[in-house]
A.B. asks: 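Structure below; questions to follow.
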2 protein chains.
Amino acid sequence: MPHHRDADDGLAAEAASLDAADPLARHRDAFVGAESALVYFDGNSLGRPPRATAERLSRFVTDEWGGRLIRGWDEAWMQLPFAIGDRIGAIALGAASGQTVIGDSTTVLLYKLLRAALDAQSAADPDRVEIVVGRDDFPTDRYLVEGIAAERGARVVWVDVDTSRGVDADLLRAAVGPRTAVVLLSHVSYRSGYLADGPGLTAIAHEAGALVLWDLCHSAGSVPMDLDAWGADLAVGCTYKYLNGGPGSPAFAYVASRHQHRLVQPVQGWMGAADVFSMGPVYRPADGMRRFLSGTPPVLAMIAMQDTLDLLEDAGIAAVRTKSVALTDFAIRVADGILSPLGVRLASPRDAAERGGHVTLSHPAMRAVTARLWRDDVIPDYRDPHGLRIGLSPLSTSFIETLTGLRAVAEAVRAES
Amino acid sequence: MPHHRDADDGLAAEAASLDAADPLARHRDAFVGAESALVYFDGNSLGRPPRATAERLSRFVTDEWGGRLIRGWDEAWMQLPFAIGDRIGAIALGAASGQTVIGDSTTVLLYKLLRAALDAQSAADPDRVEIVVGRDDFPTDRYLVEGIAAERGARVVWVDVDTSRGVDADLLRAAVGPRTAVVLLSHVSYRSGYLADGPGLTAIAHEAGALVLWDLCHSAGSVPMDLDAWGADLAVGCTYKYLNGGPGSPAFAYVASRHQHRLVQPVQGWMGAADVFSMGPVYRPADGMRRFLSGTPPVLAMIAMQDTLDLLEDAGIAAVRTKSVALTDFAIRVADGILSPLGVRLASPRDAAERGGHVTLSHPAMRAVTARLWRDDVIPDYRDPHGLRIGLSPLSTSFIETLTGLRAVAEAVRAES
């Protein structure tokens, strides 16, 4: 086997012993494809489906949609965005009930909350017209901020960041001030996997009188958080990554109770109105989280994520984080051993306390490496510049899968260099 | 049987003979629940699921999501919003390809297109700051217009309409002028079922220099249309009514080719950017319909509607309309026969050329009547004031089901009056 020429045989023994000792190993079989030889390193883009999900969806079609028909709305579905939101809040976010809801896409929810926060801040203090955002943040975050600033006459303050890290306390402190309305921060950077200091950055923004909108896309379901204890204001996150909601499943939004009454979002639809079924002549926003909804909730699309919520609830988010750290630590040891001699550089923080659930490996050939790996059923993803992202889903990834995949990366780097 | 006391026995014979002669009758068995005694009059709110959908969804989870994982995006899903959009365009809208896409909720798509149209019109002519909308339109339409006018400094021109009809040529002609930017029109009124004159109203708006945004929620899949031939500008419609996409399935948007390059919507996300995977520093809208998308497309939620598109393609939208007219004509004859003596009034146009797929029956007791009917497995819905909506889905509703349901309405009106 060619990879044995370079690999440290001790890594295989280590992977086997880590798997044997892993209390979450039993959950791997809950996912479709766990039995196949394919290596999946992209659960941070699209999580694997739990096996239970196919049956859950087909039962929903026949029994609930087909059996209850329109009555399903009154009986269950109107509450589902709040019930699932509250479960995500309790299991993954550290959010008390009544603050989390399933809504539109991540992009649309970010737009609505960012608009609501900016408008409220500017109304209270006309000098607060700046939005702070990292120049290396996910494109949607940057594009949205740019568009909102243009349409509202606000100004963007870009925070320059090393692509191997993210916005930290020093950078944020230098960017905020009496003109800051809102700070949009990634909890885990999509590119580097840098894990921001949630309570620390929230406090820095608050000292400047700004609100914080947390983008939790790359952390929810993998990194524990405690939004209420942080004093967080607003947050939005994906459900198709570590929450395995399926391709394009709807996002969640969190708004701290103390802000809900004073924030109004601009996409005024029937589902956000106080009088949802009387359909009166004038829009009055509903009390509580419903005011952040707009149209008919995407019920069929929010069913699937419940299977992973069951698994997460059973495992506990602390144990998930423990395994996540063990997986990324192991991946970095393997990379140090067999990839670093090939010129591959770690483009993620080495300190686990500053790292989320994925590890980025950098090499000029990584675009071609990714294409080759995909042909061989090893599935990471690629992000400019030169970044191979190794996403490790604590519930479904094993240590031996991690080693097998990284050995394949080594072969591919050799072939493409 | 109590209803026989009042019912014209001839109606049962007529229903049986209409069912026997119905070329679409064979499609009824394609739907979950067709065998049950339940009467479903609310397919205009949530269409029944095709039987094929449970299997389609479960196969998607296992084979596509689970089997292809992230590769599914490159292989198929990135194109799916356009592929399904084009099918809806061809089968139901009279739209050539490249103009229809599946996007967010109806509300969010209406917001994006209305904003794009208003901003483009005002930029071309600063005097065009009026949005024309019917005062009796669906709440989301009215609420959105109100919110957009407030945030953009535009003015709403409300068209007053009899609740048994909708915006017609005379009313529209009186409302538009050199200050009109956009007209938002319902093709079929959610309340009365009034069917607007698509090409006629489009021409009136165009003569005034305005753009038209058609709300097709209550017509798509039931009433044929020919958006390209009308010279329509923009349209949005639901997929969970006559297209049976499931609770909260995503809406479609139509933008005529000639307008696409000059319209820019405000929710700027990665999926609408020209460089979708290079994730560059600045947002440039994509060419074509992709610029109207924002976040990750809701793939799992757009799968189901394909089963009804198969059925509609097989039946042909003209045959669907023929049966729809026959069903609503029959419902009106039954109502004239057994409900009008109880004081129930037709609150929909009597002329089939002015009527969509549902019929509204008015009586002061209708709220209580609806609650009683639901307990007896007869499922219409209720809309203020006093309106019982009888939705008749051409692919899944039979004439005998229609008669059975209206006899139950008669009993319930008697009991609640």
Side-chain angles (χ1 to χ4, degrees), chain A residues 32-33 40 42 45-46 48-49 53-55 57-58 61-62 65-67 69-73 77 104-108 111 138-140 142-144 146-147 151 240 246-250 266-271 273 278-279 281-283 294-301 304 374 379 381 384, chain B residues 32-33 40 42 45-46 48-49 53-55 57-58 61-62 65-67 69-73 77 104-108 111 138-140 142-144 146-147 151 240 246-250 266-271 273 278-279 281-283 294-301 304 374 379 381 384:
Chain A
V32 173
Y40 196 47
D42 214 10
S45 277
L46 175 68
R48 287 184 189 269
T53 300
E55 169 66 14
L57 282 173
S58 109
V61 171
T62 306
W65 171 11
L69 296 159
I70 196 69
R71 297 169 295 186
W73 283 110
W77 307 334
D104 313 281
S105 70
T106 309
T107 303
V108 169
Y111 178 83
F138 190 73
T140 277
R142 295 185 277 109
Y143 299 159
L144 275 173
E146 201 190 321
E151 67 168 298
Y240 46 76
S249 61
V267 187
Q268 302 181 351
W270 74 297
M271 197 55 58
S278 85
M279 302 187 169
V282 174
Y283 179 82
S294 299
T296 303
V299 167
L300 185 56
W374 278 36
I379 318 288
D381 69 15
D384 277 329
Chain B
V32 174
Y40 196 46
D42 213 12
S45 277
L46 175 69
R48 285 183 191 269
T53 299
E55 171 65 14
L57 282 172
S58 110
V61 171
T62 306
W65 170 12
L69 296 160
I70 196 70
R71 297 169 294 187
W73 283 109
W77 307 334
D104 312 281
S105 71
T106 309
T107 303
V108 169
Y111 178 82
F138 190 72
T140 277
R142 295 184 276 110
Y143 298 160
L144 276 174
E146 200 190 322
E151 66 168 299
Y240 46 76
S249 61
V267 187
Q268 301 181 352
W270 74 297
M271 197 55 58
S278 84
M279 302 187 169
V282 175
Y283 180 82
S294 300
T296 303
V299 168
L300 185 57
W374 278 36
I379 318 287
D381 69 15
D384 278 328

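Every chain is numbered from 1 and lettered A, B, ... according to where its sequence line falls, protein lines coming before strand lines. It should be emphasised that the depicted structure is a prediction, and the values quoted were computed from it without experimental measurement.
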A.B. asks: For chain A, which candidate among B:Ile379, B:Asp384, B:Val282, B:Thr53 shows the most heavy-atom pairs at distances under 4.5 Å?
C.D. replies: B:Val282
A.B. asks: Begin from the C-alpha positions of A:Leu57 and B:Leu300 and carry the test side-chain contact (heavy atoms from CB on, under 4.5 Å) through to its verdict.
C.D. replies: CA-CA 10 Å; A:Leu57 282 173; B:Leu300 185 57; 4.1 Å; yes
A.B. asks: Could you tell me which of B:Ser105, B:Pro298, B:Ala301, B:Ala304 has the largest number of non-hydrogen atom pairs under 4.5 Å with chain A?
C.D. replies: B:Pro298
A.B. asks: Testing the basics here: between A:Pro266 and B:Tyr111, what is the closest heavy-atom pair and its distance to 0.1 Å?
C.D. replies: O-CE1, 3.6 Å
A.B. asks: Over all heavy atoms of both residues, which pair between A:Ala54 and B:Ser58 is shortest? Give the atoms and the distance, please.
C.D. replies: O-CB, 3.6 Å
A.B. asks: At a 4.5 Å cut-off on heavy atoms, which part of A:Ser45 comes close to chain B: side chain, backbone, both, or neither?
C.D. replies: both
A.B. asks: Does any backbone or side-chain atom of A:Trp77 lie under 4.5 Å from a heavy atom of chain B? Answer side chain, backbone, both or neither.
C.D. replies: side chain
A.B. asks: For chain A, which of B:Gly72, B:Pro297, B:Gly33 has the most heavy-atom pairs under 4.5 Å?
C.D. replies: B:Pro297
A.B. asks: If you count heavy-atom pairs within less than 4.5 Å of chain B, which of A:Thr140, A:Leu69, A:Thr296 leads?
C.D. replies: A:Leu69
A.B. asks: Looking at chain A, which one of B:Gly67, B:Ser294, B:Ala273, B:Pro250 has the largest number of heavy-atom pairs inside 4.5 Å, strictly under?
C.D. replies: B:Ser294
A.B. asks: Where does A:Pro49 contact chain B at under 4.5 Å (heavy atoms): side chain, backbone, both or neither?
C.D. replies: both
A.B. asks: I'd like to know which of B:Leu144, B:Thr62, B:Val32, B:Asp381 tops the heavy-atom pair count under 4.5 Å against chain A.
C.D. replies: B:Leu144
A.B. asks: Under 4.5 Å from any heavy atom of chain B, what part of A:Ser249 do you find: side chain, backbone, both or neither?
C.D. replies: neither
A.B. asks: So which residue, B:Arg48, B:Glu55, B:Met271, B:Glu151, ends up with the most heavy-atom pairs under 4.5 Å with chain A?
C.D. replies: B:Glu151
A.B. asks: Closest heavy-atom contact between A:Trp73 and B:Gly248?
C.D. replies: CZ2-N, 4.0 Å
A.B. asks: Rounded to the nearest 0.5 Å, what separates atom CD1 in B:Ile70 from atom CH2 in A:Trp374?
C.D. replies: 6.0 Å
A.B. asks: Please check: side-chain N/O of B:Arg142 versus main-chain N/O of A:Pro281, any donor-acceptor pairing under 3.5 Å?
C.D. replies: yes
A.B. asks: Tell me, please, which residues at least two apart from A:Tyr143 pass side chain to side chain donor-acceptor pair (under 3.5 Å).
C.D. replies: none
A.B. asks: Mind ranking A:Asp104, A:Val108, A:Thr106 by heavy-atom pairs under 4.5 Å with chain B and telling me who comes out on top?
C.D. replies: A:Val108
